[in-house]
Amino acid sequence: MVDISSIDVVLLAPSEDSVVGAVQGAARDFDYSFRHLSTLDELLENGLDASTIVITDFGGKQDISVYELVQLARQNSPQAFLFLLVEKEVTGDCLEKLEKLGVKAVFLKSEAASGKLAFALSQVLKANYVPMKGIDLIPETELPFAVYHLMPQRQKFLMLVRKGATLSKERVARLIERNEFYVHRNEFADYRTYVEATSDRSAKGLAKRCRVNFLALQTEFTNLVFEVTNRVNRGSFAEGQELLARCQKLCEDLLANLAEFPKAWEVINSSSIGDFGSLERSPAIAAYAGMFVLRGVEQRGLNGLSDLMLLSLLIDISLLDLDYTLIKKRREQPENLTSEEHKLLAGVPARSLERLLQKKLAIPERLRSIMMGVYENADGSGYPNGHNENKIPFESQVIRLAKEFDHRGMLKLGQAKPEPKHVLGDILRESECEARRIFSPQVCTVIRDRVLVDEDFAA
C-alpha cells in the first residue's frame, strides 16, 4: 500500500481518459503534487487523504458507479474538496444525490482544459480552510471555532486549538509569534463574529475587522463562481438573487470598514491571492473600486455604493470558459496575443452577463451597460464596441482604474512593496501624456484632486 495522504491532487479516472493530461497539467502549473489512480484496485489499495480529489465516471468498465466512487473517496478523505467531471450535464435527482455525498462542483469533461479546472484547483486551500492571524486571538475568551496549522511539507491541517477552548495570555503570545493559522470554512461565520465582537476601535482593531470582512467576501465570491460555472440545470430566481444579495451585503460590510480604516489598502493588498489577470483578484479589485468611490467618486445613479463592487466581482466570470492556456498567455505574455485571441477576450463582458442571466441572477439594465464598458478605452481603442470617452459610463472607468491599480500595486516576491501614491501617479501621467489613453479627463481629475490627496493613498 502506497501512502498518498500528502498528495495535493488525486485523479480517479481510466488511463485513456482525455482529462488526465489536463488535470495533471493544471496541478503542475500550481506546483501541486499529483497522483493518478486508473483502476478500482488502485483506489482500494491506496490511502486517499488528499486535499483535492477529481473524479470521472469509469464508463462501466468496472463494476462500480460514480456514486460509489464518490462514497469511497469521501469515506477515506472526509475533508477533501471533491469535484466531478461528467460526459453530459447532471440534473435533478442525480445532482441532489451527488451533493448529499459531498461533491462540491460538477463540470463537463470537455471543460477540463478550461479555466474552470484551474480556478477550482487554485482554491484548494480556500475550499475548506480560510487564513487567520494570531493577533485575532484574545486571551481569556472562549473560542467559538477551532484553530488549525498547515504543515507545508504534507499540505495537512492539524488542529492546534479546539473549539470552545479558553487561551491564556502566554499561549496567545506564542501563537501571535507564529502569526498565520487557519479556520475551517464551516466555522468562518463564528470566527468573523468573534473578531468583530472582540476588536476595539484602535487601528489594530479596525484592521482586524477590515481583513475579516475582506476574507468573508473572498469566500462568498468562491461560492458564487462555483454556482455560476457548475454545469447544472437548477436554481430558481429567488435562489439566484439570494446568492447575489449575500455578496452585495458583504460588499456593504467591507465598505463600512473601508470608510473607517484609513490604511485599508495595505490590508487588502496583503490579504489578496492570485496573479494578475486571474479571477482570484476580483475581490481585491472590488475593494479598490469601493475605496475610490469612498474617496469622492460620483455615484451617477448607482443604487448604493456596493453596486460598483458587485460589478467588479462579476465582470470576468466568463474568463473561466476560455482555454486555460489563453488565460495564462493573457497574464504572462499579453503582448503576444493574436487577433483571434483578442477577439475571444473582447467577448468576456458579454459572456459574463449571459452566464449570470442564465443562472437567474438578475442584473438591472443600468448595471449591464457599466459591465459592458469596463474594457473600453477613452480613445476608442478598447473592446467590445470601441466606444470613446463620451459613451463610456463613468463607473466603468472606476472599475478599470481599480483593475489597473491592482495590477501595478500587487505584492510580488523579491520586489519592493509598491507605494500606492506612486502607482496612481504613474497611471495619471500615462493617461494624460500618452497617445493611447485609457482614462477620460474626468477620471484623471478624480485621481489627481481627490484620490491622491487621500490619507489612504498619499501617505
Taking the side chain as every heavy atom from C-beta outward, state whether [X] and [Y] have any pair of such atoms under 4.5 Å apart.
X: Tyr129; Y: Val183; result: no
X: Val161; Y: Leu175; result: yes
X: Tyr324; Y: Asp29; result: yes
X: Glu404; Y: Phe439; result: yes
X: Leu367; Y: Leu314; result: no
X: Leu217; Y: Arg246; result: no
X: Met371; Y: Pro349; result: no
X: Leu167; Y: Pro139; result: no

Task: Stepwise side chain to side chain contact (heavy atoms under 4.5 Å, CB included) check, Thr52 with Val10 - done: CA-CA 6 Å; Thr52 303; Val10 170; over 6 Å; no
TODO: Show your working on side chain to side chain contact (heavy atoms under 4.5 Å, CB included) between Val23 and Val9 and close with a plain yes or no.
DONE: CA-CA 9 Å; Val23 177; Val9 180; 4.2 Å; yes
Which pair of non-hydrogen atoms, one from [X] and one from [Y], has the smallest distance, and what is that distance?
X: Pro384; Y: Ala346; answer: CB-O, 3.6 Å
X: Leu224; Y: Cys247; answer: CD2-SG, 4.0 Å
X: Ser440; Y: Glu389; answer: CB-CB, 3.9 Å
X: Ala22; Y: Ala112; answer: CB-O, 3.7 Å
X: Ile447; Y: Leu424; answer: CG2-O, 4.0 Å
X: Cys210; Y: Ile268; answer: SG-CD1, 4.4 Å

Gap between atom [atom2] of [Y] and atom [atom1] of [X] - 0.5 Å precision:
X: Leu357; Y: Ile363; atom1: CG; atom2: CD1; result: 6.5 Å
X: Glu142; Y: Lys163; atom1: CD; atom2: NZ; result: 9.5 Å
X: Glu252; Y: Leu310; atom1: CD; atom2: CG; result: 9.5 Å
X: Gln218; Y: Ser271; atom1: CD; atom2: OG; result: 7.0 Å
X: Leu308; Y: Ile399; atom1: CG; atom2: CD1; result: 4.5 Å
X: Ile370; Y: Ser312; atom1: CD1; atom2: OG; result: 10.0 Å

Open item on the list: Set out, in order, the CA-CA distance, both residues' side-chain angles and the distance that settles salt bridge (Lys or Arg N to Asp or Glu O under 4.0 Å) for Lys328 and Asp323, then state yes or no.
Closed with: CA-CA 9 Å; Lys328 285 180 61 181; Asp323 191 290; over 6 Å; no
Between the side chain of [X] and the main-chain N/O of [Y], is any donor-acceptor distance below 3.5 Å?
X: Ser369; Y: Arg366; value: yes
X: Ser352; Y: Ile315; value: yes
X: Thr445; Y: Pro441; value: yes
X: Asn269; Y: Gly409; value: yes
X: Asp8; Y: Ser33; value: yes
X: Tyr32; Y: Leu121; value: yes
X: Lys208; Y: Ile135; value: yes
X: Glu180; Y: Leu150; value: no

Hey, are [Y] and [X] close enough side-chain-wise for a donor-acceptor pair under 3.5 Å?
X: Tyr194; Y: Thr141; value: yes
X: Tyr375; Y: Asn385; value: no
X: Asn388; Y: Glu376; value: no
X: Arg437; Y: Asn377; value: no

Open item on the list: If the condition is side-chain contact (heavy atoms from CB on, under 4.5 Å), which residues does Lys104 pass it with, not counting sequence neighbours?
Closed with: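 With neighbours one apart ignored, the set is Phe81.
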Task: Partners passing side-chain contact (heavy atoms from CB on, under 4.5 Å) against Gln24 (at least two apart in sequence or in another chain) - done: Arg28, Phe34
Open item on the list: If the threshold is 4.0 Å, N to carboxylate O, is there a salt bridge linking Lys116 and Asp321?
Closed with: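 Yes, Lys116 and Asp321 are salt-bridged.
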Open item on the list: Between Arg429 and Asp426, does any side-chain N to carboxylate O distance fall below 4.0 Å?
Closed with: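 Yes, charged N to carboxylate O under 4.0 Å.
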TODO: Please collect all salt bridge (Lys or Arg N to Asp or Glu O under 4.0 Å) contacts where either partner lies in residues 335-354, sequence neighbours excluded, each pair once.
DONE: Lys329-Glu341
- [ ] Might you work through the salt bridge (Lys or Arg N to Asp or Glu O under 4.0 Å) test for Arg209 and Glu196, ending with a clear yes or no?
- [x] CA-CA 6 Å; Arg209 285 202 293 276; Glu196 291 182 331; over 6 Å; no
Just to verify, what does [X] make a salt bridge (charged side-chain N to carboxylate O under 4.0 Å, His left out) with, not counting sequence neighbours?
X: Asp136; value: Arg211
X: Glu187; value: none
X: Glu365; value: Arg368

- [ ] Evaluate the side chain to side chain contact (heavy atoms under 4.5 Å, CB included) criterion for residues Ile392 and Gln397: first the C-alpha distance (whole Å), next the side-chain angles of each, then the deciding distance (0.1 Å), finally the verdict.
- [x] CA-CA 7 Å; Ile392 305 173; Gln397 292 245 296; 3.9 Å; yes
- [ ] Kindly indicate, with the supporting measurements, whether the criterion ring-ring contact (aromatic ring centres under 6.0 Å, His included) is fulfilled by Phe188 and Phe145.
- [x] CA-CA 8 Å; Phe188 182 80; Phe145 55 89; 9.5 Å; no
Open item on the list: Using ring centroids (six-membered ring only for Trp), state whether Tyr182 and His149 fall under 6.0 Å.
Closed with: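 No - the distance between ring centres of His149 and Tyr182 does not fall below the 6.0 Å cut-off.
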Task: Intermediate values then yes/no, side chain to side chain contact (heavy atoms under 4.5 Å, CB included), Thr338 and His342 - done: CA-CA 6 Å; Thr338 66; His342 276 294; over 6 Å; no
TODO: Measure up the Phe83 and Phe107 rings against each other and bin them: parallel (under 30°), tilted (30 to 60°), perpendicular (over 60°).
DONE: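 Taking Phe107 first and then Phe83, their aromatic rings sit tilted (interplane angle of 30° to 60°).
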- [ ] Mind running salt bridge (Lys or Arg N to Asp or Glu O under 4.0 Å) on Arg408 and Glu430 for me, showing each step along the way?
- [x] CA-CA 13 Å; Arg408 302 178 189 219; Glu430 292 172 13; 2.8 Å; yes
